Number of protein chains: 2
Amino acid sequence: MLTMAYPKHLSSADILKTAVNMVEYGGTDGLSLRAVASALGVKAPSLYRYFPHKEVLEAAVAEEIFNLMLGEFRAASESADPETRLRRLADTYLRFARDRFPLYSFAVQSRLPEKYSSKAGKAVWNLLLEAASGVSGQPDDTAAAVAIWSFLHGYATLEHFGVFGASGPKGGLERGVEAFMSNFRSSAEPVRKEHRPRATDIRRQKLP
Amino acid sequence: MLTMAYPKHLSSADILKTAVNMVEYGGTDGLSLRAVASALGVKAPSLYRYFPHKEVLEAAVAEEIFNLMLGEFRAASESADPETRLRRLADTYLRFARDRFPLYSFAVQSRLPEKYSSKAGKAVWNLLLEAASGVSGQPDDTAAAVAIWSFLHGYATLEHFGVFGASGPKGGLERGVEAFMSNFRSSAEPVRKEHRPRATDIRRQKLP
DNA sequence: GTCTATATGCGGATAGAC
DNA sequence: GTCTATCCGCATATAGAC
């Protein structure tokens, strides 16, 4: 088949998948077109048939990562009890950020132009917003969601960079979660059922 | 003076100072030996007379940044009232992180080998630890310090990367600070003077 | 003490052959 | 559709001249 000396065997989906892998195992700034191409057994210029330039690929990678997060977060958000839902979501969020930090970091800190704004990223935010609002009893409690989100992001990041040192965080995670749960609860109607599970489900765990 | 055709006009201090400037205005990964040398009117190889390789310069830069932070934080830590002290420290921390994000980010996320471990960085941590412990009434309350530190770092970072979107954080900062203050207070003796200033002093401000 | 010249390595992107 | 070849830029670091 001489006419197929260069048969098509690339696709946008394959490139995207490989690129996500490069970020996960090559570090947040480990995404290079040469490396992606090499992993696919082709040369870098070939990728330009599918992505006009790197930025477009980066936006697609970020979106894909947010979709990965979304899949796990949705499962965690299924609990009926508001407080359990928020605790499980926080647990899952932290687990993703810890175990797949390069992916997490790439998505959250991707400062891409507005035109690449992420649908999945917004969906993740909405899950957090609803979960926090569910505990506080205030609809669209942005302040509550921003507060606990900041805490989770900061904890995961400082932990990743080894800032807590040899002594470790020493219960700082549980302390923070309890502080927010208590604060959110106090925004809700003062009389509630005594359903207040401990924070013991939030521990360092590995993804399966 | 033919024997001084290449007179000395570099010093470790000058190089360090310039390097810190490059990070502040050139971005977290904007530290290149070429750029530093160019700003000093020399060529890159000249720097090797003062720093054996880049990593040593990076460690010096991180230490210098922590010292800058330390200077501001010490001033904020002078209040006699524990709660005011923690609020002012949090305010100052956030202001530094916001207004000089590249510097802040470089120092906090510098993952340098253990042998470069920062004295000033530890001093910053100790200020936070003492301030948080002062409010909670528990000596060396690591959990409390870790919790509020995570929150401040996360908030500053998410804000910097524009993650809160057009709607903005909508009081998420004040909400978080209050949640922690309340939590810390409850660890202390239950009866306290009614000295509970509002969180209104924590606002976006520019450094002078 | 600083220089030029150079080695080696990375990266994105394009033109034009096959 | 993929290739080779190339241009451009960036970087750290070293050898040896002045």
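The chains referred to below are lettered A, B, ... by the order of the sequence lines, with proteins before strands, and numbering in each begins at 1. Being a predicted model, the structure only gives us computed values, none of them experimental.
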Mark yes when over 12 heavy atoms from residues, nucleotides or ligands other than A:Lys54 sit less than 6.0 Å from its NZ; otherwise mark no.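 More than 12 heavy atoms, drawn from other residues, nucleotides or ligands, come within 6.0 Å of this atom.
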Counting only N and O atoms by type, is there a donor-acceptor contact under 3.5 Å from the side chain of B:Ser186 to the main-chain atoms of B:Asn183?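 Checked: pair present.
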Give me the ring orientation class for B:Tyr93 and B:Phe73: parallel if the planes are under 30° apart, tilted from 30 to 60°, perpendicular past 60°.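 Ring orientation, 0 to 90° scale: parallel.
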Phosphate contact (C:dG1 OP1 or OP2) by B:His9 side-chain N/O below 4.0 Å: no
When all nucleic acid strands are considered with a 4.0 Å heavy-atom cut-off, which category describes B:Phe51: base, sugar-phosphate, or nothing?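 Contact class for B:Phe51: none.
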Over how many whole Å does the gap from [X] atom [atom1] to [N] atom [atom2] extend?
X	N	atom1	atom2	value
A:Leu40	D:dC3	CG	C1'	16 Å
A:Asp29	D:dC10	CG	P	19 Å
B:Glu58	D:dA11	CD	C1'	12 Å
A:Leu57	C:dG11	CG	P	14 Å

Proximal nucleotide (of D:dT2, C:dT4, D:dC3) relative to the A:Tyr50 side chain: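 Nucleotide nearest to A:Tyr50's side chain: D:dT2.
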Hey, what are the protein-to-nucleotides 12-16 of chain D N/O distances that come in under 3.5 Å?
{"from": "D:dT12", "atom 1": "OP1", "to": "B:Leu33", "atom 2": "N", "distance (Å)": "3.1"}
{"from": "D:dT12", "atom 1": "OP1", "to": "B:Lys54", "atom 2": "NZ", "distance (Å)": "3.2"}
{"from": "D:dT12", "atom 1": "OP2", "to": "B:Leu33", "atom 2": "N", "distance (Å)": "3.1"}
{"from": "D:dT12", "atom 1": "O4", "to": "B:Arg34", "atom 2": "NH1", "distance (Å)": "3.3"}
{"from": "D:dA13", "atom 1": "OP2", "to": "B:Tyr48", "atom 2": "OH", "distance (Å)": "3.2"}
{"from": "D:dA13", "atom 1": "OP2", "to": "B:Lys54", "atom 2": "N", "distance (Å)": "2.9"}
{"from": "D:dA13", "atom 1": "O5'", "to": "B:Tyr48", "atom 2": "OH", "distance (Å)": "3.4"}

Between A:Pro82 and A:Gly134, which heavy-atom pair has the shortest distance, and what is it?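 Closest pair (atom of A:Pro82, atom of A:Gly134, distance): CB-O, 3.5 Å.
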Side chains of A:Tyr104 and A:His153: any donor to acceptor distance under 3.5 Å?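 Their side chains do contain a donor-acceptor pair, which is all the 3.5 Å distance test asks for.
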Residue list, salt bridge (Lys or Arg N to Asp or Glu O under 4.0 Å) with A:Glu64, at least two apart or on another chain: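 Salt bridge (Lys or Arg N to Asp or Glu O under 4.0 Å) list for A:Glu64, sorted by chain: empty.
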